[in-house]
Amino acid sequence: LNAGHTLKDQGLIPVSVTEQKGFDFKAYIDGIGTGVPLKEKIVFIQDLSLLIKSGVAAPRAMRIISQQTTHKTLKKIVKEMGDSVEAGKPLHETMASYPNVFSHIFLSMVKVGELSGNLEKSLDYLKIQLMRESELKSRTKSAMMYPAIIVTAMLIIGVLLAIFVLPNLTSTFKESGVQLPIMTRIVIVISDFAANNKILVLVGMVGAGIGGFMFFRTKQGKKLFNGFMLNMPLIKDVVKKINIARFTRVLSSLIKSGISVVEGLKVTSNAMENYYYRVAIAEAGEAVKLGKPLTDSLSKHEKLYPFIVIQMLSVGEETGSMDTILEQIAEQYESEVDDTMKNLSTIIEPLLLLVIGAVVGFLALALIMPIYNISQSIQ
């Protein structure tokens, strides 16, 4: 309210005022253990679709699913949803009561299915969308697991070396009285600081990890991380393909289920995890609402959308086959992502070896050069 008054005092007309919040630690801690894995949601949608196709009423279908599911949180939620639906509340409204479990995609597709009388068809589209999303996330995590383990191991080994091993070696060099190379002096400074501040270094390392994790959960942190990933060599192309595949797959599923392009773009924007794609799609939704072609808005973001994608979407708009074109783009990029992810470890491995080699080489020179200088002085 104060923000609105301040803007009016400056001669500006506020269209909307939204409170910006940082990372809510309490809310994050409270939310641990209350989520539902994506695979459980897929099984839920699959079972619900099958039961409704078989002629089972939604309340009874909910009770059946609640009894057979083993996930405690989902069991409780489905039971409560069944009671609400039986009391006359629409399914999409009961889902809206659990925003941490059911996203905008769920709500929109279920709502359209209920209004059109084709709920089982909307659930089928939703199931396909969730299955592709699950496959994409699984491949991404598998591909990044190896580099993450290597980098983490390097950091831990480096810290332990600096605290417990290097001080014993560098003490000999300091006592020799010989002029030490710059690399050796750097290693001595680092090892002395680590050895004299063991607790500070270890606590600082853990604190930096937790602090970094919390920061990248905030809006600014996500924006910074997403921007870094979109500009990082070797990784940026994969990131773009993943986001384009997600964008086209979600929008295609929404349009097929009967949602308008404008509403579909709004839902798709909320479904995107990358900040820059989310903003670009939201802007496109506003432009389409005003009667402008979708491609006019997306073409302004040439770093996010390749020329061929814009041209294919343009053909979809001209021929009225947007949902089909979107699905074709999604399948193409999902296939490319699959191929890339299979070879990602092979691409990243040489880079990791170069980094490890550079660190080992630096340490080797820093420790061997003073030994050579000492032997020369003795001679």
Side-chain angles (χ1 to χ4, degrees), residues 31-54 56 58-82 84-85 90-114 118-145 242-243 245-259 264 267-268 270-273 323 326-327 330-331 333-335 337-338 341:
I32 293 176
T34 61
V36 177
L38 184 56
K39 288 184 178 180
E40 292 288 344
K41 296 179 190 178
I42 293 171
V43 173
F44 164 66
I45 292 297
Q46 191 170 342
D47 291 345
L48 182 60
S49 174
L50 182 62
L51 289 167
I52 290 176
K53 280 180 183 177
S54 303
V56 180
R60 185 183 175 190
M62 293 289 185
R63 284 196 295 271
I64 293 171
I65 295 171
S66 175
Q67 289 173 0
Q68 74 172 17
T69 185
T70 56
H71 193 278
K72 292 182 180 179
T73 302
L74 184 61
K75 181 188 283 289
K76 179 176 177 290
I77 289 172
V78 173
K79 184 178 182 302
E80 292 173 356
M81 285 171 56
S84 297
V85 172
L91 178 58
H92 71 273
E93 288 186 14
T94 65
M95 285 183 167
S97 303
Y98 307 95
N100 293 330
V101 177
F102 302 109
S103 65
H104 291 280
I105 300 174
F106 273 88
L107 305 182
S108 299
M109 295 183 78
V110 171
K111 181 179 179 180
V112 169
E114 287 185 299
N118 274 327
L119 180 57
E120 62 274 12
K121 195 173 182 181
S122 292
L123 291 173
D124 283 340
Y125 288 136
L126 180 57
K127 180 187 71 175
I128 293 169
Q129 158 60 28
L130 294 176
M131 288 176 71
R132 291 304 299 166
E133 183 179 338
S134 176
E135 290 171 9
L136 197 59
K137 284 187 175 181
S138 177
R139 284 190 173 89
T140 304
K141 286 180 180 178
S142 298
M144 297 307 295
M145 187 66 71
I242 290 172
N243 281 283
R246 183 177 177 82
F247 160 64
T248 50
R249 174 63 67 182
V250 173
L251 187 57
S252 170
S253 300
L254 291 169
I255 293 174
K256 278 187 174 182
S257 67
I259 295 174
V267 175
T268 304
N270 291 323
M272 300 301 291
E273 295 179 358
D323 56 340
L326 284 166
E327 187 173 16
E331 288 174 355
Y333 275 85
E334 285 166 355
S335 175
V337 169
D338 288 346
M341 288 304 177

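Numbering starts at 1 and runs along the sequence shown.
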So do the side chains of [X] and [Y] get within less than 4.5 Å of each other, counting heavy atoms only?
{"X": "Ile77", "Y": "Phe102", "answer": "yes"}
{"X": "Asp124", "Y": "Lys53", "answer": "yes"}
{"X": "Phe106", "Y": "Tyr98", "answer": "no"}
{"X": "Glu80", "Y": "Met62", "answer": "no"}
{"X": "Val78", "Y": "Thr69", "answer": "no"}
{"X": "Pro59", "Y": "Arg63", "answer": "yes"}
{"X": "Leu91", "Y": "Leu48", "answer": "yes"}

Using every non-hydrogen atom in the two residues, find where [X] and [Y] come nearest and quote the distance to one decimal.
{"X": "Ser252", "Y": "Asp323", "value": "OG-O, 3.2 Å"}
{"X": "Ser257", "Y": "Val112", "value": "O-CG1, 2.8 Å"}
{"X": "Ala330", "Y": "Ala245", "value": "CB-O, 4.1 Å"}
{"X": "Ser253", "Y": "Met109", "value": "O-CE, 3.4 Å"}
{"X": "His92", "Y": "Leu107", "value": "O-CD2, 3.5 Å"}
{"X": "Ala58", "Y": "Val85", "value": "CB-CG1, 4.0 Å"}

field: Greater than 12 external heavy atoms within 6.0 Å of Lys137's NZ
entry: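 Correct, the count exceeds 12.
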Approximate separation, where rounding is to 0.5 Å, of [X] [atom1] and [Y] [atom2]:
{"X": "Leu123", "Y": "Asn118", "atom1": "CG", "atom2": "CG", "value": "10.5 Å"}
{"X": "Arg246", "Y": "Thr268", "atom1": "CZ", "atom2": "OG1", "value": "9.5 Å"}
{"X": "Glu327", "Y": "Lys256", "atom1": "CD", "atom2": "NZ", "value": "3.0 Å"}
{"X": "Met81", "Y": "Met95", "atom1": "CE", "atom2": "CE", "value": "4.0 Å"}
{"X": "Gln46", "Y": "Leu130", "atom1": "CD", "atom2": "CG", "value": "10.5 Å"}
{"X": "Ile255", "Y": "Thr248", "atom1": "CD1", "atom2": "OG1", "value": "10.5 Å"}

- request: Go through the steps for Glu133 and Lys41 under the test salt bridge (charged side-chain N to carboxylate O under 4.0 Å, His left out), then give the verdict.
  value: CA-CA 12 Å; Glu133 183 179 338; Lys41 296 179 190 178; over 6 Å; no
task: Check for a donor-acceptor pair, side chain of Ser138 on one end and backbone N or O of Ser134 on the other, with a separation under 3.5 Å.
output: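 No; judged by distance alone, with no hydrogens or angles, the pair does not exist.
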field: side chain to side chain contact (heavy atoms under 4.5 Å, CB included) assessment of Lys75 paired with Gln68
entry: CA-CA 8 Å; Lys75 181 188 283 289; Gln68 74 172 17; over 6 Å; no
message: Set out, in order, the CA-CA distance, both residues' side-chain angles and the distance that settles side chain to side chain contact (heavy atoms under 4.5 Å, CB included) for Ser49 and Lys127, then state yes or no.
response: CA-CA 9 Å; Ser49 174; Lys127 180 187 71 175; 6.0 Å; no
Sidechain N-carboxylate O distance under 4.0 Å for Glu135, Arg132: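 Yes, Glu135 and Arg132 are salt-bridged.
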